[in-house]
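Letters A, B, ... are given to chains in the order of the sequence lines, protein chains preceding strands, and every chain is numbered from 1.
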Protein chains: 2
Amino acid sequence: MQIMDKKSPIHITISERDDSVTITQWVYQTLRNAVMYGEILPGRALTIRELAGILDVSPMPVREALRQLAAENALEIQGNRRVMVPKMTAMKFSELCEARIAIESHAAARALPYIDRDQLSQLRALDSLIDEAQEEKNLAQISTLNQNFHRALYTANPHQVTLPLIESLWLQLGPFMRLATSQLEEHYLVDRHNEAMTAIEKKDAFALQIAIAADIREGIAFAGTPEMLHAFIENAGT
Amino acid sequence: MQIMDKKSPIHITISERDDSVTITQWVYQTLRNAVMYGEILPGRALTIRELAGILDVSPMPVREALRQLAAENALEIQGNRRVMVPKMTAMKFSELCEARIAIESHAAARALPYIDRDQLSQLRALDSLIDEAQEEKNLAQISTLNQNFHRALYTANPHQVTLPLIESLWLQLGPFMRLATSQLEEHYLVDRHNEAMTAIEKKDAFALQIAIAADIREGIAFAGTPEMLHAFIENAGT
DNA sequence: AATAATTGTTTGTGATCACAAAAGTAAGTT
DNA sequence: AACTTACTTTTGTGATCACAAACAATTATT
């Protein structure tokens, strides 16, 4: 079997496969990361057999992973049964950001009563890690740690129901955030986590919501000016 | 092959299969409805082969449908790889309701600017249908129409991103709403849709959010007093 | 009789095959 | 040259099989 490259070649970062997880799970994580990091261009048709060839697995696990990612809105199944990373528009991007703000500020407020000393120190640790990464201007690291910070905050609520929804939004925004930030040379990022931390310590739900909303908004702004984002998003994947 | 009934027997309402949809899609819809209408008890282990036998299809489409439903949080895959309808707790139920209010009121406000004359009349039609169903005390009909009303409202926004998340929440609450309402004999339901309609006509986003939030809250209250819900939810599936 | 070891069964996972629909390609027509 | 038509290839879907892990039941052991 020869290498197929019907359209643009796909490069997917492949990590070590752990025998403790099923092949389907590994494929799922691999493809999820590929989507999240913008390694797959929006609109590029993904076929089961091609991915199976790239990942060196049988078509079956790929099939299952694709269906799962589609159910999480990370991929889109068209009427023709073609699977692809959904194309983005400026309006949709905006809606995703607003949805993030609405849901995450709600999740933060709902988690607040459950934050005890241990979780507070865990958040503090993540906060200082972010500060370090910021000095080193390590973009990928900042993004990852930022996500971890948010996740840690929301999961303090033991009766968690919003995190899967939030992760779905991250997954949909991910590729375009990464693509956009990779185009920039200078990054301005005000650290709103400190504000969030003090709000948490004071158990001030409203202040926490403000801080989270600001953090998300500036995380977007961090990806560029609205004009840049607009121009970039609409042209992604062409 | 004999009838299996390892535990409690499962009765799933089976609809006609349309040849224009794939078997997987049909199985997905059938199982989704079964979950939504509380036909599958929480905690009951679902096996691929058993469902395949019940639905008279091969295991493959069931496999895919189960994975998709699990990705939508309608089903839960345990560590043991066992699949089941997630068990509910009063706290989780409460979190789901609060999440509904937060997200749906946001979705409503975001949809408001896009509602034109056609959509308004469509909403009005649904509203009067609900009024009719309410006089006939047709519970199932009311629930379905109520969902259609909310869906119609949110989908007015052409850059829709929240509906899949909202549907996921409906799916998680569905079984317990149905189970709870089926226990009641008397139902009190104030129609908040009229309030929503006037808010829409006035393009008053804040009033609309209030109306939607109230509608959701009373839809829950409609399912019984908090004590009843609590007692019922915790015992469901035993 | 209670617990541990063993055997038999069921189950999810993954691989492979068959097939119809879709997409791509080449030849033929206007 | 633009479009249609016929043919070839590719692709998703679904069925079936093999296998190891999980589960259930039975037997053996203390």
Side-chain angles (χ1 to χ4, degrees), chain A residues 1-10 14 17-32 40 43-71 74-86, chain B residues 1-10 14 17-32 40 43-71 74-86:
Chain A
M1 176 79 66
Q2 284 292 89
I3 298 167
M4 304 190 210
D5 52 348
K6 289 305 266 276
K7 294 176 69 181
S8 57
I10 298 180
I14 297 177
R17 183 176 353 162
D18 185 354
D19 282 354
S20 69
V21 301
T22 63
I23 298 179
T24 300
Q25 285 172 312
W26 177 81
V27 171
Y28 166 77
Q29 268 301 334
T30 304
L31 291 180
R32 189 184 201 277
I40 305 175
R44 170 69 156 82
L46 298 179
T47 66
I48 295 175
R49 286 171 173 89
E50 183 188 12
L51 291 173
I54 293 174
L55 302 178
D56 194 32
V57 295
S58 91
M60 188 62 66
V62 176
R63 228 164 110 174
E64 306 247 325
L66 288 183
R67 185 167 292 274
Q68 187 170 346
L69 287 165
L75 298 177
E76 186 180 287
I77 305 182
Q78 295 179 300
N80 2 340
R81 297 170 178 171
R82 270 272 151 78
V83 176
M84 60 179 209
V85 175
Chain B
M1 175 79 67
Q2 284 293 89
I3 298 167
M4 305 189 210
D5 53 347
K6 290 307 264 277
K7 294 176 69 180
S8 57
I10 297 180
I14 297 177
R17 183 176 352 161
D18 184 354
D19 283 353
S20 70
V21 301
T22 63
I23 298 179
T24 300
Q25 286 172 311
W26 177 80
V27 170
Y28 166 77
Q29 268 301 334
T30 303
L31 292 180
R32 189 183 200 277
I40 304 174
R44 170 68 156 83
L46 298 178
T47 66
I48 294 175
R49 287 171 172 91
E50 183 188 10
L51 290 174
I54 293 174
L55 301 177
D56 194 31
V57 295
S58 90
M60 188 60 66
V62 176
R63 230 165 108 173
E64 305 246 324
L66 287 183
R67 184 168 294 273
Q68 187 169 346
L69 286 165
L75 298 177
E76 187 180 287
I77 305 182
Q78 293 178 301
N80 358 338
R81 296 171 179 172
R82 272 273 152 78
V83 176
M84 60 179 209
V85 175

Q: Between Glu64(A) and Arg81(A), which has a closest nucleotide on DNA chain C that is more 5'?
A: Glu64(A)
Q: Could you tell me whether Leu46(B) contacts a base, only the sugar-phosphate backbone, or nothing, with contacts defined as non-hydrogen atoms closer than 4.0 Å?
A: sugar-phosphate
Q: Given Arg44(A) and Val85(A), is the side chain to side chain contact (heavy atoms under 4.5 Å, CB included) satisfied, shown in steps?
A: CA-CA 7 Å; Arg44(A) 170 69 156 82; Val85(A) 175; over 6 Å; no
Q: Can you figure out which of dT13(C), dG14(D), dG14(C) approaches the side chain of Ser58(A) most closely?
A: dG14(C)
Q: I want to verify a distance call: between dT13(D), dT16(C), dC23(D), whose nearest atom is closest to the Met60(A) side chain?
A: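 So the side chain of Met60(A) is nearest to dT16(C).
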Q: I need the minimum non-hydrogen distance between Ile54(A) and Ile14(A), along with the two atoms involved.
A: O-CD1, 3.9 Å
Q: As a test of reading the structure: which of dG12(C), dA23(C), dT11(D) is closest to the side chain of Thr47(A), going by heavy atoms?
A: dT11(D)
Q: In terms of the nearest nucleotide of DNA chain C, which residue is placed more toward the 5' end: Leu66(B) or Pro59(A)?
A: Leu66(B)
Q: Rounded to whole angstroms, how far apart are CG on Leu75(A) and P on dG12(D)?
A: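 In whole Å, dG12(D) P and Leu75(A) CG are 12 Å from each other.
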Q: Decide side chain to side chain contact (heavy atoms under 4.5 Å, CB included) for Thr24(B) and Arg67(A); before the verdict, give the C-alpha distance in whole Å, the side-chain angles of both, and the deciding distance to 0.1 Å.
A: CA-CA 11 Å; Thr24(B) 300; Arg67(A) 185 167 292 274; 3.7 Å; yes
Q: Grab the OH-P distance between Tyr28(B) and dT13(D) for me, whole Å please.
A: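 Taking atom P of dT13(D) as the reference, OH of Tyr28(B) is at 15 Å.
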Q: For the side chain of Arg67(A), counting heavy atoms from C-beta on, which of dT13(D), dT16(D), dT13(C) is nearest?
A: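 Among dT13(D), dT16(D), dT13(C), the one nearest the side chain of Arg67(A) is dT13(D).
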Q: Is any N or O donor-acceptor pair between the side chain of Arg63(B) and the base of dG14(C) shorter than 3.5 Å?
A: yes
Q: As a test of reading the structure: which of dA18(C), dG14(D), dA15(C) is closest to the side chain of Ile23(A), going by heavy atoms?
A: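 It is dA15(C).
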Q: Check the phosphate of dG12(D) against Thr22(B), side-chain N and O only, distance under 4.0 Å to OP1 or OP2. Yes or no?
A: no
Q: Taking only the side-chain heavy atoms of Pro61(B) (C-beta and beyond), determine which of dA23(C), dG14(D), dG14(C) contains the nearest atom.
A: dG14(D)
Q: Looking only at atom types and distance, does a side-chain atom of Asp18(B) sit under 3.5 Å from a main-chain N or O of Ser20(B), one as donor and one as acceptor?
A: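 Here the side-chain-to-backbone pair exists.
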Q: By nearest atom, which of the nucleotides dG12(D), dC23(D), dT13(C) is closest to the Arg82(B) side chain?
A: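 Nearest listed nucleotide: dC23(D).
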Q: To check you understand the geometry: which heavy-atom pair defines the closest contact between Pro86(A) and Ala74(A), and what is its length?
A: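 That closest heavy-atom pairing would be CD-O, 3.4 Å.
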